[in-house]
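The block underneath contains the structure these notes are about, expressed in structure tokens.
First the proteins, then the strands, lettered A, B, ... as listed; each starts at 1. If you're wondering where the values come from, they're calculated on a predicted model, not measured in any experiment.
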Amino acid sequence: MPELPEVETVKRGLNKLIIGRKITSVKSDNPKSFPNSQVDVRSFIINAKITCVRRRAKVLLIDLSTNYTLVIHLKMTGQLVFVTKANRFGAGHPNDSLIGLLPDKSTRVTFDFGDGSYLFFNDQRKFGWVRLVPTPEVPNIDFMKKVGPEPLDDDFTALQFAERFKRRSRTTIKAAILDQTVIAGVGNIYADESLWGAKIHPAKIVGDLSFSKFKHLFNEVRYVMNLSIEKGGSTNRNYVNAEGKKGSYMDFARVFRQEGLPCPRCGTEIIKIKVASRGTHICPKCQRL
DNA sequence: CACTTGACCTGTCCGC
DNA sequence: TGCGGACAGGTCAAGT
């Protein structure tokens, strides 16, 4: 799933739904999804209250009153869905929501709030994970030390953005923008969308791009991510928000999964190619090597 | 160090 | 219908 806008959408939903709730039990049947959950970790979770839900890059951080934090990566197909007693048994859940159907066979971890409500961590492909870390240690875990700046931070500038790419000057712009140590939170959807916006071919070598191109790309990354957050993220396949509902950014996508359709800018047919081993969507006229 | 590729999993879709 | 292969929103550990 989930790139920055999707994780941000889940974060906002959870902040409305689970703050102050107490976890009365936790269950996981897949050790990969929640390592050590059977033993060491339980006493820091049971009877803990949720105090805050945060996001860094594509990682969700659920702070607990025990001064521990649930660190969660959704990877490709992870979902975090909150369900209450009332909607769990299907009191007219909308068609675009999973809520009445959970748990299902993709449910890997279940947090029980003891009042008939639950938080389900679902993950079809089992790439995602939940880990428990002491809250003060969160900034010290490997991922947090290596990850690049947040593209939507107010004080992040186009100049800083361009500087970050110097470490990847001999690779393609697509590979570089997907590198989480360069910039946080960009994945395959928003890479393609922002490169189209800036009229940059994804296979262009980083070192050959002018500052004015970086500046344009910087603005496009912020534009597509802000638009996507406003639309509740992209549901390409599995993604849903904390209420089990899909996002609508794909209705506004200009190139991602639009192959065969006309480019919204020039009408040329959008094509799909492979760059950096990833499916990549471009307008062959607007984006030249 | 910088870069590329395969591996991790399950499910779906497409061509034969 | 069935089967094999390619592919899917993301990172890692290897290899060069």
Residue-phosphate contact under 4.0 Å: [X] side-chain N/O, [N] OP1/OP2:
X	N	result
Arg257(A)	dA8(C)	no
Gln180(A)	dT11(C)	yes
Lys75(A)	dT11(C)	no
Lys58(A)	dG9(C)	no
Ser277(A)	dT5(B)	yes
Ser106(A)	dT10(B)	no
Lys272(A)	dA8(C)	yes
His73(A)	dT11(C)	yes

To the nearest angstrom, how far is [X] atom [atom1] from [N] atom [atom2]?
X	N	atom1	atom2	value
Leu178(A)	dC3(B)	CG	P	14 Å
Met250(A)	dA8(C)	CE	C1'	12 Å
Arg278(A)	dA7(B)	CZ	P	17 Å
Ile183(A)	dG10(C)	CD1	P	16 Å
Leu74(A)	dC8(B)	CG	P	22 Å
Asp123(A)	dT11(C)	CG	P	13 Å
Ile173(A)	dA2(B)	CD1	P	16 Å
His281(A)	dG9(C)	NE2	P	7 Å

Result for 5'-nearest mapping on DNA chain C, choosing between Arg125(A) and Trp129(A), is Arg125(A)
So which nucleotide from [options] ends up closest to the side chain of [X]?
X	options	result
Arg170(A)	dA2(B), dC3(B), dG9(C)	dC3(B)
Arg168(A)	dC3(B), dT4(B), dG9(C)	dC3(B)
Pro2(A)	dG9(C), dC7(C), dC12(C)	dG9(C)
Gln124(A)	dT10(B), dC7(C), dC8(B)	dT10(B)

Centre-to-centre under 6.0 Å for [X] and [Y], is that the case here?
X	Y	value
Phe165(A)	Phe214(A)	yes
Tyr249(A)	Tyr190(A)	yes
Phe82(A)	Phe120(A)	no

Do the side chain of Arg254(A) and the main chain of Glu193(A) share a donor and acceptor less than 3.5 angstrom apart? yes
Check your understanding: Does Asp192(A) reach the main-chain N or O of Trp196(A) with its side chain, forming a donor-acceptor pair under 3.5 Å?
Key -> no
Tell me what [X] touches on the nucleic acid: a base, only sugar-phosphate, or nothing, going by heavy atoms under 4.0 Å.
X	answer
Asn236(A)	base
Tyr249(A)	nothing
Lys105(A)	sugar-phosphate
Gly128(A)	nothing

Residues Arg55(A) and Glu150(A) bridged, charged N to O under 4.0 Å: yes
Can you tell me how far P in dT5(B) sits from the matching atom in dC7(C), rounded to whole Å? 14 Å
Given the P atoms of dA6(C) and dG6(B), what is the spacing between them in whole Å?
12 Å
Tyr239(A) six-ring centre to Lys246(A) NZ/CZ under 6.0 Å and within 45° of normal = no
Worksheet item: If you draw the axis of the six-membered ring of Trp129(A), does the NZ or CZ of Arg108(A) fall within 45° of it and under 6.0 Å from the ring centre?
Response: no
Do we count Phe127(A) as stacking onto dT11(C) if the rule is ring centres under 5.5 Å and planes under 30°? no
The residue, Arg237(A) or Ala175(A), whose nearest nucleotide of DNA chain B is more 5′ is Ala175(A)
Where DNA chain C forms runs of at least three Watson-Crick or G-U pairs (i with j, i+1 with j-1, under 3.5 Å), the stems are B:2-8 with C:10-16, B:10-16 with C:2-8
- Task: For the residue pair His73(A) and Phe143(A), categorise the inter-ring angle as parallel (less than 30°), tilted (30 to 60°) or perpendicular (more than 60°).
- Result: perpendicular
(message) Counting distance alone, no hydrogens or angles: does the base of dG9(C) have a donor or acceptor under 3.5 Å from a partner atom on the side chain of Asn238(A)?
(response) yes
